[in-house]
Asks: 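What follows is a structure written as structure tokens; I'll ask about it next.
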Amino acid sequence: MTEASVREFKMPDVGEGLTEAEILKWYVQPGDTVTDGQVVCEVETAKAAVELPIPYDGVVRDLHFPEGTTVDVGTAIIAVDVGGGSAAPAAEQPAAGQPVAAAPAEEPKAAGSGRQPVLVGYGVATSSTRRRPRKGPEVPVQQASTAIQTELNGHAPAAPAAPPAGAPAAPAGTERPLAKPPVRKLAKDLGVDLTTVVPTGPDGIITREDVHAAVAAAVPAATEPQVAPAPAAVQAPASYDTTRETRIPVKGVRKATAAAMVGSAFTAPHVTEFVTVDVTRTMKLVEELKADKEFTGLRVNPLLLIAKALLVAIRRNPDVNASWDEAAQEIVVKHYVNLGIAAATPRGLIVPNIKDAHAKTLPQLAESLGELVTTARDGKTSPAAMQGGTVTITNVGVFGVDTGTPILNPGESAILAVGAIKPQPWVHKGKVKPRQVTTLALSFDHRLVDGELGSKVLADVAAILEQPKRLITWA
């Protein structure tokens, strides 16, 4: 194997202008054989989790970063020997959990651009790879517990028991204890200084059990005799817990969502209007469509007809489907509808959209909605699916919530919130009867949508859901 046969695969820009991504999972290890197009890792950007295929045939030589590392776009993350050689000798492999310095990349920078070529798109950052900064110096759990017990009981607790006989001692002179990323995160969450933990894993690696043992050894048993009771003002409850908080790093989708919502809330002047509507006939139509052969195998639910009602309302009031161009000082009216559907996922809220939803028949719209929901739940929504939306629906009713004041998706002028549909007493044909009722809320950007336009859109949606035959008469 020669250095000339080693190819470096760089972190690509998997979105549009993204500058970094976190490595969530490696699917290969040094020594594995890979082929062109094979997925080697999963990364999370500010928009979605994406699987990365390798563009080479060869043998994996090195993984330059461990799982959990945030890497700049354009930085080499894996080395592949394309000359058919074997992986680096065992003596050259890194210790478990330790990153390997990246080998120099072979690909030259794009001429005149100052940026390195990447697999998808552009947006390469010129800064070096960053790792998440520590929140502050770690405090050994023994020191923290001693301080707490001294404050509460007026004396320092007994020293923790010595490690079991035969347990390997921490390697002398080791500046950074050996531990895998998940174990480091556990220690950080529990406030444990890994330099104080006695490792029991192979080759002196600290395990999860070692971290928990350090916590147990640092906190004296509840039956330990006390010299004197603490004053009432500082007396701790019997169930006192030194780990009463959990800190979750703000990153990836959640970080991008937070920034977008703050920007939207303080850029576009929001106005929200509400209407409560009898949707009994719409619910009956849903049941009829489920039995229709045209919808066999498709997801048919109230959201389908609500989406269609909004599309009809937009066709009747096209100026609501617009955006505000601050730089040009123009209102941009869109003659197409990319309908966004807010979806809650384990990684946070995302808003994929159905492209050209205005041109789809009802069965086609049902198919697109089903695919959108399934893809979002599986965590496979692509960045492209979340770009270019023009108007959005958020269904808070699935959580039993009556209504809300939704915040606009950035770049859009309107968002419709749908509340829970439930039986309520309602005046129908002059008599009070139980009817299926829901509350709709429409938020809009008051810079380009005035009260009249916003009211017309909301009233049209409500009218269609009350009398769904208007889907035909207003089409």
Asks: With side chains defined as the heavy atoms from C-beta onward, is the minimum distance between Pro269 and Asp445 less than 4.5 Å?
Replies: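 Yes, side chains in contact.
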
Asks: Do Leu304 and Leu365 come close enough that some side-chain heavy atom pair is under 4.5 Å?
Replies: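 Heavy-atom side-chain distance check passes, below 4.5 Å.
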
Asks: If you measure from NZ on Lys25 to CD on Glu42, what distance do you get to the nearest 0.5 Å?
Replies: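 It is 8.5 Å, given to the nearest 0.5 Å.
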
Asks: Minimum heavy-atom separation for Pro363 to Leu298, with atom names?
Replies: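 Taking every non-hydrogen atom into account, O-CD1, 3.6 Å.
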
Asks: Where the side chain of Tyr56 meets the backbone of Val6, is there a donor-acceptor pair that is under 3.5 Å apart?
Replies: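 No; judged by distance alone, with no hydrogens or angles, the pair does not exist.
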
Asks: If we ignore angles and hydrogens, is there a donor and acceptor under 3.5 Å between the side chains of Gln29 and Asp32?
Replies: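 Result is no, nothing qualifies.
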
Asks: Identify the heavy atoms of Gly389 and Asn353 that sit nearest to each other, and give their distance.
Replies: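 That closest heavy-atom pairing would be N-ND2, 3.5 Å.
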
Asks: Any donor-acceptor pair under 3.5 Å linking the side chain of Asp402 with the backbone of Ala420?
Replies: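 The answer is no, because no donor-acceptor pair under 3.5 Å joins these two groups.
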
Asks: Within the 4.5 Å heavy-atom criterion, are Val43 and Met11 side-chain neighbours or not?
Replies: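 Of all side-chain heavy-atom pairs linking Met11 with Val43, at least one is under 4.5 Å.
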
Asks: Is the closest side-chain heavy-atom distance between Ile78 and His64 below 4.5 Å?
Replies: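 Sidechains of His64 and Ile78: no contact.
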
Asks: Provide the closest heavy-atom pair for Leu442 versus Ala414 in the form atom of the first, atom of the second, distance.
Replies: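 The answer is CD1-CB, 4.3 Å.
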
Asks: Nearest 0.5 Å, please: how far is CG in Leu362 from CG in Leu305?
Replies: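 Nearest 0.5 Å value for the CG-CG distance: 6.0 Å.
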
Asks: With Asn338 as reference, evaluate Asp356, Thr392, Val391, Asn321 under the side-chain contact (heavy atoms from CB on, under 4.5 Å) test and give the passing residue.
Replies: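 It is Asp356, the one option of Asp356, Thr392, Val391, Asn321 that forms the side-chain contact (heavy atoms from CB on, under 4.5 Å) with Asn338.
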
Asks: Between Thr207 and Asp210, is there a side-chain donor-acceptor contact under 3.5 Å, judged purely by atom types and distance?
Replies: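 Yes, because at least one side-chain N or O of Asp210 sits under 3.5 Å from a partner of the opposite role on Thr207.
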
Asks: In Å and rounded to the nearest 0.5 Å, what is the CG to CD1 distance from Asn409 to Ile415?
Replies: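 Nearest 0.5 Å value for the CG-CD1 distance: 6.5 Å.
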
Asks: Look only at the side chain of His358 and the backbone of Val337, and say whether a donor-acceptor pair between them is shorter than 3.5 Å.
Replies: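 Judged by distance alone, yes, a pair lies under 3.5 Å.
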
Asks: For Val333 versus Ala322, what's the shortest heavy-atom pair and its separation?
Replies: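 Where Val333 meets Ala322 most closely, the heavy atoms are CA-CB, 3.9 Å.
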
Asks: Is it true that a side-chain atom of Asp378 and a backbone atom of Lys380 form a donor plus acceptor pair closer than 3.5 Å?
Replies: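 No, because the side chain of Asp378 does not come within donor-acceptor range (under 3.5 Å) of the backbone of Lys380.
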
Asks: With a 3.5 Å distance limit and no angle check, can you tell me whether Thr75 reaches the backbone of Asp72 through a side-chain donor-acceptor pair?
Replies: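 Yes: the side chain of Thr75 pairs with the backbone of Asp72.
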
Asks: Do any N or O atoms from the side chain of Asp325 and from the backbone of Glu330 form a donor-acceptor pair under 3.5 angstrom?
Replies: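 Not a single qualifying donor-acceptor pair exists.
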
Asks: Given 3.5 Å as the limit, does a donor-acceptor pair link the side chain of Thr69 with the main chain of Phe65, or not?
Replies: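 A pair under 3.5 Å: no.
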
Asks: Measuring from Leu416:CG to Ile306:CD1, what's the distance to the nearest 0.5 Å?
Replies: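 It is 7.5 Å, given to the nearest 0.5 Å.
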
Asks: Can you check whether Asp36's main-chain N or O pairs, donor with acceptor, with Asp57's side chain at less than 3.5 Å?
Replies: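 Looks like yes, one N/O pair under 3.5 Å.
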
Asks: Say you draw a straight line from CG of Leu178 to CD1 of Ile206; how long is it, rounded to the nearest 0.5 Å?
Replies: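 Reported to 0.5 Å precision, the distance equals 7.5 Å.
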
Asks: Identify the two heavy atoms, one from Leu339 and one from Ala357, that lie closest to each other, and give their separation to 0.1 Å.
Replies: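 In this case the closest contact between Leu339 and Ala357 is CB-CB, 3.8 Å.
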
Asks: Under a 4.0 Å threshold between the charged nitrogen and the carboxylate oxygen, would Glu367 count as salt-bridged to Lys360?
Replies: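 No salt bridge links Lys360 with Glu367.
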
Asks: Less than 4.5 Å apart, side chain to side chain, heavy atoms only: is that true for Pro302 and Met283?
Replies: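 Yes - at least one pair of side-chain heavy atoms lies under 4.5 Å apart.
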
Asks: Under a 3.5 Å distance rule, please check whether Thr296 uses its side chain to pair with a backbone N or O of Lys293 as donor and acceptor.
Replies: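 At least one qualifying donor-acceptor pair exists.
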
Asks: Hey, are Asp81 and Arg7 close enough for a salt bridge, meaning a charged N less than 4.0 Å from a carboxylate O?
Replies: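 No salt bridge links Asp81 with Arg7.
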
Asks: Check whether any side-chain heavy atom of Ile77 sits under 4.5 Å from a side-chain heavy atom of Trp26, and report yes or no.
Replies: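 With C-beta onward as the side chain, the pair touches.
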
Asks: Looking at side-chain heavy atoms only, is the closest gap between Val73 and Glu20 below 4.5 Å?
Replies: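 No, too far: nothing below the 4.5 Å cut-off.
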
Asks: To the closest 0.5 Å, what do you measure between OG (Ser323) and NZ (Lys334)?
Replies: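 The OG atom of Ser323 sits 3.5 Å away from the NZ atom of Lys334.
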
Asks: Grab the two heavy atoms, one from Val28 and one from Gln38, that are nearest each other, plus how far apart they are.
Replies: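 Reported closest heavy-atom pair: CG1-NE2, 3.8 Å.
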
Asks: Do Ser443 and Thr272 pair up side chain to side chain, a donor and an acceptor below 3.5 Å, judged on atom types alone?
Replies: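 The criterion, which ignores hydrogens and geometry beyond distance, is satisfied for Thr272 and Ser443.
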
Asks: Taking the side chain as every heavy atom from C-beta outward, state whether Leu369 and Ile341 have any atom pair closer than 4.5 Å.
Replies: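 When only atoms from C-beta onward are counted, Ile341 and Leu369 do touch, with a gap below 4.5 Å.
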
Asks: Quick check against the 3.5 Å criterion: does His270 have a side-chain atom that pairs as donor or acceptor with the backbone of Leu408?
Replies: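 Yes, the answer is positive, given that a donor and an acceptor are paired below the 3.5 Å cut-off.
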
